[in-house]
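Inspection log for the structure reproduced underneath, given as structure tokens.
The model shown is predicted, which means the values in this text are computed figures rather than measured ones. Naming: A, B, ... by sequence-line order, numbering from 1 per chain.
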Amino acid sequence: MGPGSVRHPAQKLFLLLLFLVAVMPVVAALLHTLLSPDELRRTWTTLQQGGWRLLGNSLLLATVTALAATLAGTVLGFLLFRLDVPFAGTMRLLLLIPLFLSPYLFAVAWKDFFFLTAGTTRFIASPAGVVFVLVLLYTPLAMLITGTALAAVDPSLEESGWLSAGRRTTFFRITLPLIRPALFSSFVLVFIFTLSEFSVPAFLGIKVFTTEIFTQFSAFYDHALAIDQSVLLLLICLLLLATEGRYLSEAPFLSLGLRSGTRSPVRGRWALQLAFLSVVLWFLLTVLLPLGTLAWQAWRGGGGMVLRAWHLLAPTLGRSLLLAGGGGLLILLTGLAVAWRTPGSRPTPLNRLSDKMLLLLFAIPSTVLGIALIHFFNRPGLEVVYTTPLILLVGYTARFAFLGARLTGNALRQLSPSYDEAARLAGAGPGRRFFRIHLPLLAPSLAAAFLLGFILSLGELGTTIMVYPPGMQLLPVKVYTIMANAPQALTSAMTLLAALVTLAAVGTAYALINPVMKKYSYAGR
Amino acid sequence: MKRTFPSVRVFLVPFLLLFLLLAGCQGSRNEVVVYTSVDQVFSEPILKDFERETGIHVNAVFDTEETKSTGVLNRLLAEKDHPQCDVFWSGDPVRTLVLKREGLTAPYFSPEARDIPAVYKDPEGHWTGFSARARVLLYNTDRLQGEGAPASIFDLTKARYRGQVALANPLFGTTTFHMAALFTVLGDERAKAWLDSLRTNGLVLATSNGDVRKRVVQGEVACGITDTDDAFEAMKEGSPVRIVFPDQDGIGTLIIPNTVNLIRGCPHPENGKKLIDYLLRRSTEAKLAVSCAQMPLHKGVEVPTDVPSLDSIVPMKIDYDATARKLLEIQNFLKEWVRAQ
Amino acid sequence: MPAVELRHIVHAYGDTIVLPGLSLTVATGSITTLLGSSGCGKTTLLRIIAGLEVPRAGEVLLEGRCVTRDGRLLIPPERRGIGFIFQDLALWPHMTVFRNIAFGLQARREKDTAHKVHEVLDEFGLTALARHYPHQLSGGQRQLVAIARALVLEPSLLLMDEPLANLDVKLKKKILDHIRALRDKYHLTILYVTHDHREAFSLADKVVVIREGNVEASGTVDEIRRSANEYVRYFLEY
């Protein structure tokens, strides 16, 4: 370690806390079953009895979805982050709306749309239908990742290409290869999300490996076998990320942000109009149609339905938004603690280890995480965590801090080390440098980590339903528990309201954060 | 030179404050914790009434449909070593019997259950049944009229209903218990044959009873097997549907009681018993009859006119404990059957 | 006593030896230019003197005081009293010109920070730009801000790493004149890195030609011009 690297006790303390609070429960749960030869034998037997085929289905579904979402996301990223499309900033936010909905409810809206318009659900209740729904759901994520990468490409690299080979060739031979890390990142992220997704394939009648895991939990109550099977998914994710590490070395994994640098490679009014039209069509397809279906179903139930939905959801909003805000903040802080190193220095062994820890937590199915947290925290002396909202904050952080870490890590890689060195030579100690130099320069990425963490925490169900303190009312739980026996109109109204509340919250947060991001978005200039 | 890192204190202070704040929230109060798999729209009003009448604060954990999340039972099983729940109120005997099998239940003979028929109670006191649903046929009157409507579950294998029948995933919930009951009553061979016939007749596998209801209401299928509360809800909404209590001339209709039990080692056993007593009262059954057409097991409870009485239904004759044991035996068969669907 | 003395400095990046054992002295109050082609180790030398890199072997002495020895930093960069003008200038993009310059004074908890900053802004003709951000400045203005930021802390040694790259000739001359004036006013020792021998000759009291991490030649401008060293001759021709 050279003189530029500084150890922060706060960082080590935080990481120790993360390990104790989030990683140890999961590792303990995994080891408990993995160290049992009987359990391993049973897992092997279930694989032999058709489990491999289901795993193959899952891998195929995840691969196709990830490829399609990355392709669509890259096109959208190009249109919204590189071209002077009108209302690009607003569209970037609005196209995130599918992420505000639970995957299951998104699938319900689409199935109803097809039934109501085409009179048949043959397409949607098929593997192609599952891919269709998941691609529409996860494309916004891909858009953010690839779009930000496109915006950050050094213009001189493209301009030199334009002069010799034209814009189209430059895009395919120079620009796309330059954002290769972002393309790979988008693929991996969507792949992991799809691989562990259960509710959409189950609803649309397609059998995947997570069906097997879920069946073990919900039909057989066989936790040990379900956890063992989850390890397979975990190993696949680790393998994928090891491939990423080898293929991309130190290249950025995630780059999320809402700023853009438009240096339009496309000229001409017609081209921009076509681009704008394409974005609007995508908005229509992924947002207006499903939300419109929900709205129509809610309306069919009469005007009182929306009011009834509001009365049901209103008691949940304050606490849910507060907890999601807390979750977003912790995801931001954890990501910062895990990714932190002096700009310009290589990742330390501590960075690498804690990154892997977060990946473990991210890739494990949410129910397994819930069970692990129960086993670990449900004991005398830890009631202050288990029976209070703290357990939810632990759950949110464990589920999504991986994204925060990669966002921050990427931003760190983009920071010039000379900023830190100049501050050091000016006599600033590590604390002053951290708060006056590094944090402000990382602000846009930290803000993006917070927003993403907020959105995901607000809609998190799998772990939440396992650990939420009895008597606490939370938004996603309420929607699902009421849905169990509620008219379709009420369910649709609740889903719509939940999405609108999320949009309002995100929009408000974005409006508050945007001036900060604009002020600090000069890094790299 | 010793480096001081003010950032350590900066991070520690807010966490300490939060810790103290939350620790301060741990004050003891008069409360009871109930986990329930009965739909929140029906169970929550009952629990609120209990709270109002007794002053005991109810902390409830409600359930989703089994196919959407892994639900309260898994939570109960995971909390086995240090129970947080006092009372488990289930919408069917399946989950309660799983708990009993796992040793999570404590015996309690509620005085309110004295005149509930013995078939709906555990002889060892580990669970007590009340307010029952039935497994019914729900059909769309725009698609099927008069004699076109099925009267028996065996009608569903006929050619005229090809591709027009929906059934919830038999691995979960009341459907799984229904299958176990059929295997008990019909024997393995006949039951398997029926299921296979359903499949070859183009059965539509739904994710839940609510999904069956929705598909029948929308006309996506002509009929389906579901529970009375889902069926009555559809009728209350004014949907073009009718209910049939199947096999009244044959094996009878499966009756599925709610069950309630005390959790072994629970934190508030006395309040738990009070809640159990409350749930087993006639007045509670009367409320559930109104809200979700559940049929009282006590005799002489006043119910709305559109709610049938158990006396007017020929029930399927089963032993609930034996059926729960049968369920264990057939689970793998059901899993393979679903996979082949 | 020399301002800077390097004794047998050995440094490598991985397996690539950049400095195989370089020794060098810089006289106090002089402007010494390190001249050489890209990759010869000039910037690495500056970073070693500043304490931003630690050599594998050798000693670094500042005004007779050993600050680095045998792979260990004896005195950290922030306590060496060195000003450094980075190649990319390293102006903090989220801070105004005023705050960029004030940062070091605040870090050292000096009194009359605002007064000192205004003084130096006046000196460099940057007063009107005090509230501007770096991205709002021209290249030349940014150079001046970087120099002002370093000088406000009254260093005894100023290290400059190709600070005038990408500037036009006229502006370069203006800033070079300014640097000479600063040396005289502040009694600075300046170590200036460049690959442009014209720039080196117009500024330096002493020129040191570096080749592959070794001192190929050193002397006054005239001495270097008249050098019979083949490499030096070759370098000066292009």
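- Interface remark: of the candidates C:G104, C:A90, C:G83, C:A90 forms the most heavy-atom pairs closer than 4.5 Å to chain A.
- Between A:A426 and C:R108 the shortest heavy-atom distance is O-NE, 3.1 Å.
- Only the side chain of C:R149 comes within contact range of chain A, judged by heavy atoms closer than 4.5 Å.
- For C:R72, no part sits under 4.5 Å from any heavy atom of chain A, backbone or side chain.
- Contact record, C:H94 with A:L441: ND1-CD2, 3.5 Å, taken as the closest heavy-atom pair.
- Residues C:L52 and A:L425 meet the side-chain proximity criterion, which asks for heavy atoms closer than 4.5 Å.
- Between atom CZ of residue A:R432 and atom CD of residue C:Q106 there is a gap of 6.5 Å, rounded to the nearest 0.5 Å.
- Residue-environment remark: CZ (C:R183) exceeds the threshold of 12 foreign heavy atoms within 6.0 Å.
- Distance alone, capped at 3.5 Å, is enough to place a donor-acceptor pair between the C:W92 side chain and the A:Y419 backbone.
- For the pair C:D88 and A:S416, the tightest heavy-atom approach, listed with the atom from each and the gap, is OD2-OG, 3.1 Å.
- With a threshold of 4.5 angstrom between heavy atoms, C:L91 approaches chain A through N, CA, C or O but not through any side-chain atom.
- Using non-hydrogen atoms only and a strict 4.5 Å limit, no part of residues 12-25 of chain C faces chain A.
- Residues A:E421 and C:F86 meet the side-chain proximity criterion, which asks for heavy atoms closer than 4.5 Å.
- Closest heavy-atom contact between C:E78 and A:G427: CB-CA, 3.7 Å.
- Neither the backbone nor the side chain of C:Q87 comes within contact range of chain A; no heavy atom of the residue lies under 4.5 Å from a heavy atom of that chain.
- The number of heavy-atom neighbours closer than 6.0 Å to CZ of C:R65, taken from other residues, nucleotides and ligands shown, is 12 or below.
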